[in-house]
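Worth knowing before you read on, the calculation uses all heavy atoms, side chains too, and leaves out hydrogens, waters and symmetry mates. From a predicted model like this one, the values you see are computed outputs, not experimental measurements. Indexing begins at 1, ligand by ligand and atom by atom, following the structure's order.
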Amino acid sequence: MSSHPGPATSDPGARTSTPLVSVAGVDKYFGDFQALKHIDLDIPAGQVVILIGPSGSGKSTLCRTINRLETIQSGTIAIDGKPLPAEGKELAALRADVGMVFQSFNLFAHKTILENVTLGPMKVKGVKKAEAEAEARRLLERVGVGAQADKLPAQLSGGQQQRVAIARALAMQPKVMLFDEPTSALDPEMVKEVLDVMVELAKAGMTMIVVTHEMGFARTAGDRVVFMSDGEIVEDTDPETFFTNPTSPRAQDFLSKIL
Ligand code: ADP
Ligand code: MG
């Protein structure tokens, strides 16, 4: 079922298309420390990539470089064939193509749930208020928190807040969604309600990069596992192969500690 790009194929029936996310030769330094070492990663539209690896391996840094929250020292990143510029108006527009959901939900505490979701589309995309609100209510229903629209974030559970954060990202109509440990800060009983929303998104065809150690989710929703260690991609395979038959010693070591 995995559709990740392997070595060039000679299959004459194989369709070539522009990857939705294309990371090529990316190096990222923090001072002298190299956090990303020549990362190459092409992700076709609709693919769900599980990004996994030890703490400090560069997973968050890779996510942050993909929407230019971090600058890179070399290489290119393109979304839907368009290279991400380093800065400027064009960057803001392209960045809107990449939705991001973090471990900490980062909702605006003094704005209602509805306002949290309408803010981006109104400010960045110039969507009219009535239209933004209608879409926000539809998205809040979709993630199961429609009844909470007029409350403040603090009145919601962690699981509900994270679902609002997903709705807020979706409101920008992103082409790809990045999730950086979206359930790590949640109480255990709230993990499933967030993963369920992500599974639904995956089924609906959203292209996703998900940093998670949730093996159940990785195996059921993931098309592909990218394993990182020390700033490098060490393994890139389908979830079943990764979890049952990892080839690199570093992946074997990592899995022996978490499984
Ligand atoms: P992961 O998400 O896999 O745990 P990170 O991408 O957060 O890893 O970090 C990768 C490496 O880069 C770590 O060694 C971390 O200490 C370092 N790093 C991350 N952000 C910064 C920063 N802003 N300044 C300096 N070093 C950083
Ligand atoms: Mg991280």
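The structure places NE2 of H38 at 7.5 Å from OG of S74, a figure rounded to the nearest 0.5 Å. Between the CD1 atom in I113 and the OG1 atom in T118 there is a gap of 11.0 Å [rounded to 0.5 Å].
Closest non-hydrogen pair, V199 versus A221, comes out as CG2-CB, 4.2 Å. Across D42 and S22, no two heavy atoms sit closer than the pair OD1-OG, 2.9 Å.
Closest to atom 9 (O) of ligand 1 by heavy atom, among L36, T61, T65, is T61. Distances from atom 8 (O) of ligand 1 to the heavy atoms of G31, C63, S55, G58 show the closest one on G58.
G56 O, 3.4 Å is the protein heavy atom nearest to atom 10 (C) of ligand 1. In terms of protein heavy atoms, atom 3 (O) of ligand 1 is closest to K59 NZ, 2.8 Å. Closest to atom 23 (N) of ligand 1, if we only count protein heavy atoms, is F30 CE2, 3.5 Å. Taking atom 7 (O) of ligand 1 as the reference point, the nearest protein heavy-atom neighbour is S60 CB, 3.7 Å.
Heavy atoms of A35 found under 4.0 angstrom from ligand 1 belong exclusively to the side chain.
Classification of the F254-H213 ring pair by plane angle, with boundaries at 30° and 60°, yields perpendicular.
Metal site remark for the Mg ion (ligand 2): Q103 contributes no N, O or S atom at a distance under 2.8 Å.
For atom 15 (C) of ligand 1, the protein comes within 4.0 Å by no heavy atom at all.
Enclosure of atom NZ in K192 is not indicated, since only 12 or fewer non-hydrogen atoms of other residues, nucleotides or ligands lie within 6.0 angstrom.
Under a 4.0 Å N-O distance rule, the pair R250/E235 does not qualify as a salt bridge.
Look at P54 and you'll find a heavy atom under 4.0 Å from some atom of ligand 1.
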For D180 and K59, run salt bridge (Lys or Arg N to Asp or Glu O under 4.0 Å): C-alpha distance rounded to whole Å, both residues' side-chain angles, the deciding distance at 0.1 Å, then the answer.
CA-CA 8 Å; D180 192 357; K59 307 180 297 295; over 6 Å; no

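Using a 4.0 Å cut-off to heavy atoms of S57, the atoms of ligand 1 that qualify are 1 (P), 3 (O), 8 (O).
The shortest N or O to N or O distance between F33 and ligand 1 is not below 3.5 Å.
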